[in-house]
Amino acid sequence: MKDIKYIGVNDYDIDLFEGQYMLEKGMAYNSYAIIDDSIAIMDSVDKIAVDRWLANVDDALQGKAPAYLVVQHLEPDHSAGIQALADKYPDMTVVMTAKAKAMLPQFCDVDPNRVDAVGEGDTLCLGSHTLTFMLAPMVHWPEVMVSYESSEKVLFSADAFGKFGTTDADEKWNCEARRYYFNIVGKYGAPVQTLLKKAAALDIETICPLHGPILTDTIPEVMSLYNTWSSYQPEDRGVFIAYASIHGNTAEAAYKMKEILEAKGCPRVAIADLSRDDIAECVEDGFRHSVLLCMASSYDGSVFAPMADYLHHLQSKAFQNRTVGLVENFSWGASSARTMRAEFEKMKNITVLDDIVSIKTRMTDENVSQLEALADKLIASC
């Protein structure tokens, strides 16, 4: 990018995002400066990064003052610096959607007379650069917009196309972008589809999201994956085994099923221990695969808590369009299978296979034969 400078901040120390998502490689809070006759700052950052961000603004502007702060998303990890920048530059105008303007007093005390509300298709000329604003409500908050800069063909995409991790994290975009999408944006597939249709009409050479790296060469792949994810279609043919085991017997059966599926040629098999593994990654894997196998112990007339928690997460993120298999384990009261089935019946377009395997404490030879038969059904559903 010629006249667009990155002024965001990488936080290498944070280990938990939004109080729930584990981070191994920190987090990027992205912001950009468009240097032109009129200077526009694109978004602010989280409170832990404000001081470093203000230093980056100073370095990019070289003594000049910004005419505009464009706020595409008001969530606190992108709005904590609004007040500080407005105080530093009293002649600066803040640009955001009407919905964002109405919400702004919840986040800071900027004079509303300094705020310009923009709508769909409105433009802002900075000189040789022109921003066109497009509303993107519920991607993933109601006040969101994105901005397209036509001279350099840049889409400022708010939280869309972002990922966990810093901008310089040495990893492929897909994995942490997938975990980010399904856990943060995943419930809002229809609004994402609307945004993708708007983006398809643009000539985009660069995507500048609010988290993660700036995207260039991989844009076609990124758009394709977002289309798959937001239409609730599986990315991979295969089975994801999610198990919740109290004393280890259900875990033993889960790994036996993994062995059976692989021996039978299942195109892809993944497995997770819901008691120990990152729940956000388990949500990601549930959406990623075409078939989900839930294996859980009965507990207190219901299902073991880690599985109940997982099913709650799936339902809250609009899990749908999948085939599901069930395996239960119990010693004296079978309850996990019916509880899991009841939860899946609350979700959209879920096919629960009738071949439920019931294990009474320890896996028997008969149970192995039942797992073999269930494996055939699961593979056929891939």
Between S151 and E149: side-chain donor-acceptor atoms closer than 3.5 Å: yes
Side-chain H-bond candidate by donor/acceptor type, N227 with Q193, under 3.5 Å: yes
ILVMFWY network linking V283 to Y243, side-chain heavy atoms under 4.5 angstrom: no
NZ/K25: more than 12 non-hydrogen atoms of other groups inside 6.0 Å: yes
R322 and V291, any side-chain heavy atoms less than 4.5 Å apart: no
Cluster link L210 to V222, ILVMFWY, side chain under 4.5 Å: no
D203 atom CG: more than 12 heavy-atom contacts under 6.0 Å: yes
Short side-chain to backbone donor-acceptor contact, N249 and R362, under 3.5 Å: no
Residue of the set T250, N367, T361 for which side-chain hydrogen bond (donor to acceptor under 3.5 Å, both in side chains) holds with N329: T250
Single-linkage hydrophobic cluster, 4.5 Å side-chain cutoff, I184 and M138 together: no
Common cluster, V269/Y310, ILVMFWY with side-chain heavy-atom separation under 4.5 Å: no
Check: Y232 side chain, F287 main-chain N or O, donor-acceptor pair, under 3.5 Å: no
Shortest non-hydrogen separation from S231 to N321 and the atoms involved: O-ND2, 3.9 Å
Any donor-acceptor pair under 3.5 Å from H313 side chain to D309 backbone: yes
Polar side chain donor-acceptor pair, Q72 to D43, under 3.5 angstrom: yes
Flag, side chain of D285 to backbone of C282, donor-acceptor distance under 3.5 Å: no
Side-chain touch D159/V139, heavy atoms, less than 4.5 angstrom: no
Nonpolar side-chain network containing M145, other nodes, edges under 4.5 Å: M1, I4, Y6, Y32, I34, M42, Y68, V70, V95, V118, L124, L126, L131, F133, L135, V154, F156, I214
D36 versus S128, side-chain donor and acceptor atoms under 3.5 Å: yes
Close side-chain approach of L54 to V50, heavy-atom, < 4.5 Å: yes
Heavy atoms from other residues, nucleotides or ligands near CZ of R237 exceed 12 (cutoff 6.0 Å): no
Cluster check F304, M363: I/L/V/M/F/W/Y, side chain < 4.5 angstrom: no
Mutual orientation of the aromatic rings belonging to H73 and W141 [parallel < 30°, tilted 30-60°, perpendicular > 60°]: perpendicular
Pairwise side-chain hydrogen bond (donor to acceptor under 3.5 Å, both in side chains) hits with a residue in residues 259-275, at least two apart: K256-E259, K258-E262, K264-E372, K264-D376, R268-H289, D273-R276
Salt-bridge contact K88-D58 (side-chain N to carboxylate O under 4.0 Å): yes
Test of ring centre spacing under 6.0 Å for F182 and W229: yes
Side-chain H-bond candidate by donor/acceptor type, D168 with T166, under 3.5 Å: yes
Side-chain heavy-atom pair T206, L215 within 4.5 angstrom cut-off: no
Whether Q62 side chain and D59 backbone form a donor-acceptor pair below 3.5 Å: yes
Derivation of the salt bridge (Lys or Arg N to Asp or Glu O under 4.0 Å) call for E120 and K198: CA-CA 11 Å; E120 182 73 26; K198 293 180 181 182; 3.0 Å; yes
Ion pair E235/R178, N-O distance below 4.0 Å: yes
Backbone N/O of Q320 and side chain of N349: donor-acceptor pair under 3.5 Å: no
E171 CD: over 12 foreign heavy atoms closer than 6.0 Å: yes
Residue pairs passing the ring pair (Phe, Tyr, Trp, His ring centres under 6.0 Å) test where at least one lies in residues 187-223, sequence neighbours excluded: F17-H211, Y29-H211, H78-H211, Y180-H211
Contact summary for A160 and L195, nearest pair of heavy atoms: CB-CD2, 3.9 Å
Spatial distance of atom CG (L374) from atom CD1 (I356) [nearest 0.5 Å]: 9.5 Å
Sidechain-backbone polar pair: S44 side chain, G81 backbone, donor-acceptor under 3.5 Å: yes
Heavy-atom donor-acceptor pair, S335 side chain to S302 backbone, under 3.5 Å: yes
Ion pair D278/R179, N-O distance below 4.0 Å: yes
Where S298 and F330 come nearest, the two heavy atoms and their spacing: OG-CB, 3.6 Å
Ion pair E205/K153, N-O distance below 4.0 Å: yes
Side-chain (K163) to main-chain (E176) donor-acceptor, under 3.5 angstrom: no
Heavy-atom donor-acceptor pair, E221 side chain to I219 backbone, under 3.5 Å: no
W53 side chain to S31 side chain, donor-acceptor N/O pair below 3.5 angstrom: yes
Heavy-atom pair with the smallest gap, counting every atom of C266 and G238: SG-CA, 4.3 Å
